[in-house]
Amino acid sequence: MTDFFIKAKENLTRYWAYDAFREGQEEAIQSVLKGTDTLVLFPTGGGKSLCYQVPATVLEGLTLVVSPLVALMEDQVTQLSERGISSTYINSTLTSYEVEQRLVNARNGMYKLLYCAPERLGSPLFQAELERLSIQLVAIDEAHCISEWGHDFRPPYRKIRENLASIAEHTRWLALTATATPEVREDIISVLGFNEPSIISKGFERPNLKWWVTKTPQKRDRITEAVQKASAKGDGLMYAGTRKNCEDWALRFTKMEINSEAYHAGLTAELRKEIQHRWISGDTPLVTATNAFGMGIDKPDCRFVIHEEMPGSIEAYYQEAGRAGRDGEESFPILFFRESDYQKAIKRIEQSYPTYDQMQKVYVALGDSLNLALGSEVDEMVAFEMEKLSVRSSLAIPICRAAIRMMEQFGVVAVKRGIPPKASVQFSLSPDMMIKFKERCQNPEKAEFVDKLERMFGHFAHAHMVELDLEFVLEKLGVTRNALIKALNVLMMNDHVLMFALFPERDMIRLLEARSKEIPVTREMAESYRANLLKKLERMHGYILTQGCREVYLRTYFGELNAKPCGHCDNCLKKKEEHIQLDRDELRQLMDLINDQGLDIDKIVNRLEWAEDKVKTGVDYLVKEGLIN
């Protein structure tokens, strides 16, 4: 164990250039390396991923990381590759032969980490390779998805231990989450079969965050004022609810000379990545976004997070608001609320989660649109259009969209949205015949073009259609889209060398189990899930209405029963103001010392001979009223 941990410390510096582990990481990694079942509870930005990535570089075999988020898998694999750590992922966006090849590579020791979507663990292909993969550690990210009481329940998570039963007793286990109530923690431990686990929690205290709720019927004006003040402190993020709201707010703030961009699922994947990059680098100081933004994005110096609408749960709010101040500096999560918001949120849940019968209709329509007979399976993701699904099911598009989202939640389908344009190629000639074609080709440019295509699409393209991002293909070949189409048409129609297809940006879907007569979700599951969401919304409403310390409310929700008032949320400051009164002359005196002489709190205390609490109360009041910065 000692040698393992010494190596872990060395690799932390070698691959991540850190001199020491953060609080809690060292304890978690020691527990994992010792072979103890481990549950890690770190807040957003707390460094959970290193708790399995560092051990993966130390252990001899493979680390299997179970994750529900396709984008997060891809981002982490990219980041690890840039650090020189071999890794890959398997999810429902890949074709069968791509999955097979990656599993063969994993069996042959080519990767240190293999990221896998939970529903893939039970597939025949994965099960056939499982015992040959030399898995030394199973790390379950977003472990709250295991629990029906979690804010993001996913049934495939409850089958993880069952699907890994053949190796369960011979490997290490680690579960990680940022948001878990005591009830959810017990569910995670029970479902995963953990035996006397080590539970490592950094707690949910964020002393640098100034939790604030503004109740007002004039949201638009108050949000505008708040952003003007907050943007002077640094970059920020605003959750604006709808796509239209994101666009409207971004335009409004940009006109106010606060450079802003809107981020939502209606943008292309490439543009979303560009916006993320500009925000992280500071080129775009403010992003107005739907809740699609933020997962896996690390910007330590985000100074404020504003919510225009109340989130659906404490867990969601804590994660989103917690993106402020990851560097430990003073930051401001601010939630705006008007009395009608709660009823609107209830209605939104009721409309977003269709009835069981509506889900059944959409499931049947989807199977028909994919031309699937009963008992048939889909090996690969296929394009689908919500409009056609609406026509087939005789249900409105919003209901169809909600039903697909629910089916995704329950592990019935996998969906990938906003797939960028693709070029798909399959060669008609064998590799040997292709060599002869290039040798006999009288046009050197054509022969070179075919050679580039072969190297780009790879040897699999001699047996299957292989898809690549269209932008990547155009860049590598140095041609325009029209020139590519023209060249591929000649090779297909005249030379009979290949077949090809170009696809626009689209959404893809896949049924994860063989089609059945009825949707593989019980009526009870669907109805209890919605009831749980309404209960969580009620607790979120309680946070807004509480007259007590907001940080105490949050920490108590997550099971910390001895939390003390933070002293700096809006409710704590209000209570201080009630106990410590400053008259107009005292406030003027205080403002003059700050504005004219630039004195700090310690010097003001000495100059005025006031108690420190009185000075801080006066300063907080002046800041809140915009009289000082």
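In the model, Gln76 has a side-chain atom that pairs as donor or acceptor with a side-chain atom of Tyr115 under 3.5 Å. Glu330 and His568 are not linked by any side-chain donor-acceptor pair at a separation below 3.5 angstrom, with hydrogens and angles left out of the test. Side-chain N/O atoms of Gln276 and Tyr263 include a donor and acceptor closer than 3.5 Å. Of the N and O atoms on the side chains of Tyr15 and Gln53, not one donor lies less than 3.5 Å from an acceptor on the other residue. Under 3.5 Å, the side chains of Arg555 and Tyr318 contain no donor-acceptor pair of N or O atoms.
Pro311 approaches Leu335 most closely through the heavy-atom pair CD-CD1, 4.1 Å. The two residues Ala180 and Arg185 come nearest to each other via the heavy atoms O-NE, 3.2 Å. Annotation for Val66 and Tyr157: closest pair O-OH, 3.7 Å, computed over non-hydrogen atoms. Considering every non-hydrogen atom in both Val415 and Val413, the closest pair reads CG2-CG2, 3.9 Å. Here the closest non-hydrogen pair linking Arg338 and Thr216 is CB-O, 3.3 Å. Nearest heavy-atom pair across Ala56 and Leu113 is CB-CG, 3.6 Å.
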Go through Gln547 and Lys575 one step at a time and tell me if the side-chain contact (heavy atoms from CB on, under 4.5 Å) criterion holds. CA-CA 9 Å; Gln547 298 298 307; Lys575 286 181 179 175; 5.5 Å; no
Could you walk me through whether Glu308 and Lys219 pass salt bridge (charged side-chain N to carboxylate O under 4.0 Å, His left out), step by step? CA-CA 8 Å; Glu308 180 190 21; Lys219 264 197 200 180; 5.9 Å; no
Check the pair Arg206, Glu551 against salt bridge (charged side-chain N to carboxylate O under 4.0 Å, His left out), reporting the backbone distance first and the verdict last. CA-CA 8 Å; Arg206 296 287 301 276; Glu551 187 169 288; over 6 Å; no
Passes ring pair (Phe, Tyr, Trp, His ring centres under 6.0 Å), Tyr317 versus His307? Steps please. CA-CA 9 Å; Tyr317 181 62; His307 278 81; 4.9 Å; yes
Walk me through whether Leu286 and Glu261 qualify under side-chain contact (heavy atoms from CB on, under 4.5 Å). CA-CA 7 Å; Leu286 176 62; Glu261 291 189 83; over 6 Å; no
What verdict does the side-chain contact (heavy atoms from CB on, under 4.5 Å) test give for Ile509 and Asp507, after you've listed the backbone C-alpha separation in whole Å, the side-chain angles of each residue and the deciding distance to 0.1 Å? CA-CA 7 Å; Ile509 197 166; Asp507 294 340; over 6 Å; no
Please report the C-alpha distance between Thr242 and Thr290 in whole Å, then the side-chain angles of each, then the deciding distance to 0.1 Å, and finally whether the side-chain contact (heavy atoms from CB on, under 4.5 Å) criterion is met. CA-CA 6 Å; Thr242 66; Thr290 60; over 6 Å; no
For Asp248 and Arg252, run salt bridge (charged side-chain N to carboxylate O under 4.0 Å, His left out): C-alpha distance rounded to whole Å, both residues' side-chain angles, the deciding distance at 0.1 Å, then the answer. CA-CA 6 Å; Asp248 290 347; Arg252 182 181 179 86; over 6 Å; no
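Put simply, OH on Tyr543 and OH on Tyr553 are 10.0 Å apart, with the number rounded to the nearest 0.5 Å. One finds the SG atom of Cys145 at 8.5 Å from the CD1 atom of Ile160 (value rounded to the nearest 0.5 Å). Rounding to the nearest 0.5 angstrom, the gap separating the CG atom in Leu50 from the OH atom in Tyr18 is 6.5 Å. Interatomic distance, Arg539 CZ to Ile544 CD1, rounded to the nearest 0.5 Å: 13.5 Å. Note: Leu176 CG to Ile140 CD1 = 8.5 Å, rounded to the nearest 0.5 Å. Here the straight-line distance linking atom OG1 of Thr181 with atom CZ of Phe558 works out to 8.0 Å at 0.5 Å rounding.
A side-chain donor-acceptor contact under 3.5 Å links Gln25 to the backbone of Gly47. Using modelled atom types, no side-chain atom of Ser190 and backbone atom of Glu186 make a donor-acceptor pair closer than 3.5 Å. Between the side chain of Thr556 and the backbone N or O of Leu561, no donor-acceptor pair lies under 3.5 Å. In this structure, Ser528 contributes its side chain and Met525 its backbone to a donor-acceptor pair below 3.5 Å. Judged by distance alone, with hydrogens and angles left aside, the side-chain atoms of Thr224 form a donor-acceptor pair with the main-chain N or O of Arg220 at under 3.5 Å. Under the 3.5 Å distance criterion, the side-chain polar atoms of Asp235 are left unmatched by any main-chain donor or acceptor of Cys302. Under a 3.5 Å cut-off, the side chain of Asn571 and the backbone N or O of Cys549 do not form any donor-acceptor pair. Panel note: side chain Ser281, backbone His277; a donor-acceptor pair is recorded below 3.5 Å. A donor-acceptor contact shorter than 3.5 Å links the side chain of Asn259 to the backbone of Asp283. With Lys48 contributing its side chain and Asp141 its backbone, the two residues share no donor-acceptor pair below 3.5 Å.
A salt bridge is defined here as a Lys NZ or Arg NE, NH1 or NH2 lying under 4.0 Å from an Asp or Glu carboxylate O, and Arg550 with Asp570 meets this definition. We find that Lys229 and Glu225 are not joined by a salt bridge, their nearest charged nitrogen and carboxylate oxygen being 4.0 Å or further apart.
Within the 4.5 Å cutoff, the side chain of Trp16 has heavy atoms near those of the Ile85 side chain. Residues Glu274 and Arg278 form a side-chain contact, since some pair of their non-hydrogen atoms from C-beta on lies under 4.5 Å apart. The shortest side-chain heavy-atom distance between Thr36 and Val32 does not fall under the 4.5 Å cut-off. Proximity of Leu209 to Ser331: side-chain heavy atoms (C-beta onward) are separated by under 4.5 Å at one or more points. Side-chain contact between Glu315 and Tyr557 is present, with at least one heavy-atom pair separated by less than 4.5 Å. Using a 4.5 Å heavy-atom cutoff, the side chains of Leu267 and Arg243 are not in contact. Side-chain atoms of Leu64 and Cys116, non-hydrogen and from C-beta on, do get closer than 4.5 Å to each other. Put simply, the side chain of Val65 reaches to within 4.5 Å of the side chain of Thr63, judged on heavy atoms.
Exactly one of Arg272, Glu247, Lys244 qualifies for a side-chain hydrogen bond (donor to acceptor under 3.5 Å, both in side chains) with His264. That residue is Glu247. The residue from Glu74, Glu505, Glu408 that alone fulfils the salt bridge (charged side-chain N to carboxylate O under 4.0 Å, His left out) condition with Lys416 is Glu74.
Geometric assessment of Lys215 against the ring of Phe337 yields a negative cation-pi assignment under the 6.0 Å and 45° thresholds.
Among residues two or more places apart in sequence or in another chain, the salt bridge (charged side-chain N to carboxylate O under 4.0 Å, His left out) test is passed with Arg303 by Asp327.
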